[in-house]
Amino acid sequence: MSAEDRRAMIVHAVLPLLVEHGANVTSSQIARAAGIGEGTVFRAFKDKDELFDACTAEALKPDHVLDAIAEIPVDQPLEDRLAEAAEALGAHLERMGALMGALHASGRVKHRDQRPEGRSRSWKGGRRESMAAIRGAMVELFTPEKDRLRLPPEQLAALFLTLLFGGRRLAPDVGAPTTRQMVDFFLHGAVEAG
């Protein structure tokens, strides 16, 4: 196994542990989850901080959600396409939130300006590039309807993502809308047809 493959295997094994234990995960738990010895972990990563950074970068990568959006059939109704995409994006946000919340709750707080020199950023340069890729994938879902749309697919994709991501931040006592309610609101507005 190459060094990169070993690192990736360890990261994928450790991600669920970090969600469960946060930064309090032990070296022996890491090694057991990866099915390797503790020494092998620290030949792949110089310390737990470097491993945690690699896990965070992996969790922030949009690859899984981009694959899920790409698999949505564009011949189904737009409402169904948007609902599937919203579910995939919601799962992506929940995974990221679970990891970041567990790390933060266990005392591992890193701000952007605290990243040591040379540490890699998440997915191809960072959050902006990640969001641009997600927006591009969403544009593909709108494009088959472009002749019937009131705005260009690029603007609708940006508006849809704004509505989707903003809706996830509602206070629990208000009650976030369901995915179908959000898609219906996006497509048909707040006023009943009259």
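A quick note: this is a predicted structure, and the numbers were derived from the prediction, not measured.
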Closest non-hydrogen atom pair, [X] against [Y]:
| X | Y | answer |
| --- | --- | --- |
| Met182 | Ala86 | CE-CB, 4.3 Å |
| Gly37 | Ala31 | C-CB, 3.8 Å |
| Ser130 | Pro62 | OG-CG, 3.3 Å |
| Val19 | Ala98 | CG1-CB, 3.9 Å |
| Phe142 | Pro153 | CB-CB, 3.8 Å |
| Ala88 | Ala68 | CB-CB, 3.9 Å |

Should [X] and [Y] be counted in the same cluster of Ile, Leu, Val, Met, Phe, Trp and Tyr side chains packed under 4.5 Å apart?
| X | Y | result |
| --- | --- | --- |
| Val139 | Leu159 | no |
| Leu15 | Val65 | no |
| Val183 | Ile134 | yes |
| Leu66 | Phe160 | yes |
| Met100 | Met131 | no |

Could you grab the distance from atom [atom1] of [X] to atom [atom2] of [Y], nearest 0.5 Å is fine?
| X | Y | atom1 | atom2 | value |
| --- | --- | --- | --- | --- |
| Thr26 | Arg32 | OG1 | CZ | 6.0 Å |
| Ile69 | Glu140 | CD1 | CD | 11.0 Å |
| Glu38 | Gln29 | CD | CD | 10.0 Å |
| Leu187 | Leu82 | CG | CG | 5.5 Å |
| Leu17 | Asn24 | CG | CG | 12.0 Å |
| Asp80 | Leu141 | CG | CG | 11.5 Å |

Worked verdict on Arg150 versus Gln155 for side chain to side chain contact (heavy atoms under 4.5 Å, CB included): CA-CA 10 Å; Arg150 292 177 49 206; Gln155 285 182 325; over 6 Å; no
[Y] side chain reached by [X] side chain, heavy atoms, under 4.5 Å:
| X | Y | value |
| --- | --- | --- |
| Arg81 | Glu145 | yes |
| Leu89 | Leu161 | yes |
| Phe185 | Leu163 | yes |
| Lys48 | Ser27 | yes |
| Arg6 | Thr40 | yes |

Neighbour count above 12 (heavy atom, 6.0 Å) for His104 NE2: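 Not more than 12 within 6.0 Å, no.
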SB check Arg180 Glu79 (cutoff 4.0 Å):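 So Arg180 pairs with Glu79 through a salt bridge.
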Evaluation steps, side chain to side chain contact (heavy atoms under 4.5 Å, CB included), between Met138 and Arg135: CA-CA 5 Å; Met138 292 302 301; Arg135 193 170 43 254; 5.6 Å; no
Chi angles and distances behind the side chain to side chain contact (heavy atoms under 4.5 Å, CB included) call for Leu164, Phe186: CA-CA 9 Å; Leu164 178 65; Phe186 179 80; over 6 Å; no
CA sep, side-chain torsions, deciding dist, call: Asp53, Glu50, side chain to side chain contact (heavy atoms under 4.5 Å, CB included): CA-CA 5 Å; Asp53 287 346; Glu50 185 179 46; 5.6 Å; no
Qualifying residue, where the test is side chain to side chain contact (heavy atoms under 4.5 Å, CB included) with Leu18 and the options are Leu51, Val25, Ile30: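 When Leu51, Val25, Ile30 are each tested with Leu18, the side chain to side chain contact (heavy atoms under 4.5 Å, CB included) holds only for Val25.
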Under 3.5 Å donor-acceptor, Arg108 side chain and Leu103 backbone: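 No, Arg108 side chain to Leu103 backbone: no donor-acceptor pair under 3.5 Å.
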Under 3.5 Å: donor-acceptor pair, side chain of Arg95, backbone of Ala59: no
